[in-house]
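So the structure is just underneath, and the comments pick up after that.
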Amino acid sequence: MKILGVESSCDETGLAVFDTEAGMLAHAVHSQVAMHAEYGGVVPELASRDHIRRVIPLTRTVLKQAGLALDDLDAVAYTQGPGLAGALLVGAGFANALAAALRIPALGIHHLEGHLLSPLLANPRPEFPFVALLVSGGHTQLMRVDGVGRYALLGETVDDAAGEAFDKTAQLLGLGYPGGPALSRLADTGHPYRFELPRPMLHSGDLEFSFSGLKTAVLTLVKKAGLDNQADIAAGFQAAVVDVLAGKCLAALKKTGLRRLVVAGGVGANRALRARLDAEMAQRQLTVFYPPLDLCTDNGAMIAFAGGLRLAAGLPGADGRFAVRPRWDLAELAAIAA
Ligand code: KG4
Ligand code: ZN
């Protein structure tokens, strides 16, 4: 079966074609980063309008790359939520209209399900069950994943998401938007232990996270130490985030007794985090899996893929209504599947 995937939840328009037999046939992403940069963050209305401009040309691009015509498609999978309401509506409207015209199903996909299944696109791929660390701009969660559609929340952030902390700290350091990748590059050139920064909730005994205090600690440090020490501050911040994320992953593996960890979402592209997790897992004969690097941040491939897995498992779209879900708890999926 050939599935067109449509991602438009935030500031990337992502399209892809996944074949349940042959694998990923094509994927293309248009990032709106340059457009939003001058405002210092995503402007929702501009995001929606840009998705409208990009979605049809990108569909043509991926179909051409895949050597397919519209009639060859068997289903359209689209991000139904969570995300920006207007942005989601563009993808949902397009996917539902196309599916109706082609008389094929439209499958609403949970954006985080797309992220957490994306490591299955890598080689080698993890077997179920596994612990998933979802670290994106909007979410920081640890999930237990027993199969497609079978997710249980183990813990999550009580305030900022890890990516949000990266972006806000980058802004404090004058690195612009979106700061995560720039902050990480700068951090790699600094001394991580020159300045002492807190490891919030590292020893809280549960699997919750908190990152807003760390951001405040960086602000205090910048006021005291000045921006001349930018690289060392960035390195200190990154080391603190990596310590907390790695510590909580190990705690989640211990608590569940599982031996496989999967890391997904934009912060999963962070090199220091990957190096640390690789080392910690290897030391304990545990295995860690990541999505291919270009599929860490938002993309249509993970949505097409999640759609393919749902179809193959005989599961419907996560929510059969043509309604986007700007706010959506992943735990609700288990209830729908049951
Ligand atoms: O998954 P994603 O593309 O979008 C959401 O669903 O949120 O994640 C984007 C987040 C942003 O906060 C971005 O700064 C962060 O991922 N990010 C990184 C890196 N690359 C992207 N954070 C740290 N290091 C990176 N290399
Ligand atoms: Zn995302």
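Numbering of ligands and ligand atoms starts at 1, following listing order. Residue numbers start at 1 and run along the sequence shown. Heavy-atom basis, side chains included; hydrogens, waters and symmetry copies ignored. Computed from a predicted structure; not experimentally measured.
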- Can you tell me if His115 has an N, O or S atom under 2.8 Å away from the Zn ion (ligand 2)?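 His115 does place an N, O or S atom closer than 2.8 Å to the Zn ion (ligand 2).
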
Looking only at distances, please establish whether an N/O atom of ligand 1 is found under 3.5 Å from an N/O atom of [X].
| X | result |
| --- | --- |
| Gly266 | yes |
| Arg271 | no |
| Gly163 | yes |
| Glu12 | no |
| Asp298 | yes |
| Gly137 | yes |

- Task: Go through the side-chain N and O atoms of Asp160 and Ser212 and say whether any donor and acceptor fall under 3.5 Å apart.
- Result: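 Per modelled atom types, Asp160 and Ser212 side chains form no pair under 3.5 Å.
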
Interfacing atoms of ligand 1 (cut-off 4.0 Å, heavy-atom, [X]):
| X | value |
| --- | --- |
| His115 | 1 (O), 6 (O) |
| Ser184 | 24 (N), 26 (N) |
| Gly138 | 7 (O) |
| Ser136 | 1 (O), 5 (C), 6 (O), 7 (O), 8 (O) |

- Query: Quick one: which of Thr297, Leu293, Val33, Asn270 has a heavy atom closest to atom 24 (N) of ligand 1?
  - Reply: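 Among Thr297, Leu293, Val33, Asn270, the closest heavy atom to atom 24 (N) of ligand 1 comes from Asn270.
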
- Query: With respect to atom 6 (O) of ligand 1, which of His139, His111, Lys168 exhibits the smallest heavy-atom separation?
  - Reply: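 Minimum heavy-atom distance to atom 6 (O) of ligand 1 goes to His111.
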
- Message: In this structure, does ligand 1 have an atom that sits under 4.0 Å from one of the heavy atoms of Pro178?
- Response: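 It does not, in that no heavy atom of Pro178 comes within the 4.0 Å cut-off of ligand 1.
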
- Query: Between OD1 of Asp298 and NE2 of His111, what angle is found at the Zn ion (ligand 2), rounded to 10 degrees?
  - Reply: 90°

- Item | Name of the residue among Asp188, Asn270, Thr169, Leu172 meeting side chain to side chain contact (heavy atoms under 4.5 Å, CB included) with Leu183 | Thr169

- Is any side-chain heavy atom of Gln238 less than 4.5 Å from a side-chain heavy atom of Leu273?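 A side-chain contact under 4.5 Å is absent here.
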
- Message: With a 4.5 Å cut-off on side-chain heavy atoms, are Tyr151 and Leu134 touching?
- Response: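 In short, these two side chains do not touch, never coming nearer than 4.5 Å.
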
- Task: Please answer: with hydrophobic residues joined when any side-chain heavy atoms are less than 4.5 Å apart, are Leu250 and Leu154 in the same cluster?
- Result: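 Looking at the clustering, Leu154 is in the same group as Leu250.
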
- Item | Cationic N near anionic O, under 4.0 Å, Arg310 to Glu113 |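 Salt bridge between Arg310 and Glu113, a charged N being under 4.0 Å from a carboxylate O: yes.
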
- Message: One thing to verify: whether Lys2 and Asp74 come together as a salt bridge, which I'm taking to mean a side-chain N less than 4.0 angstrom from a carboxylate O.
- Response: no

- Stepwise ring-ring contact (aromatic ring centres under 6.0 Å, His included) check, Phe166 with Phe237: CA-CA 8 Å; Phe166 263 95; Phe237 166 81; 5.1 Å; yes

- Message: Quick check: closest heavy atoms across Arg325 and Glu332, and the distance to 0.1 Å?
- Response: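 Answer, listing the atom of Arg325 first, then Glu332: NH2-OE1, 2.9 Å.
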
- Cationic tip of Arg274 above Tyr290 ring, under 6.0 Å, 45° of axis: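 Yes, Arg274 lies over the aromatic ring of Tyr290.
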
- Looking only at protein heavy atoms, identify the closest one to atom 13 (C) of ligand 1 and say how far it is in Å.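 Ranking protein heavy atoms by distance from atom 13 (C) of ligand 1, first comes Asp167 OD1, 3.7 Å.
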
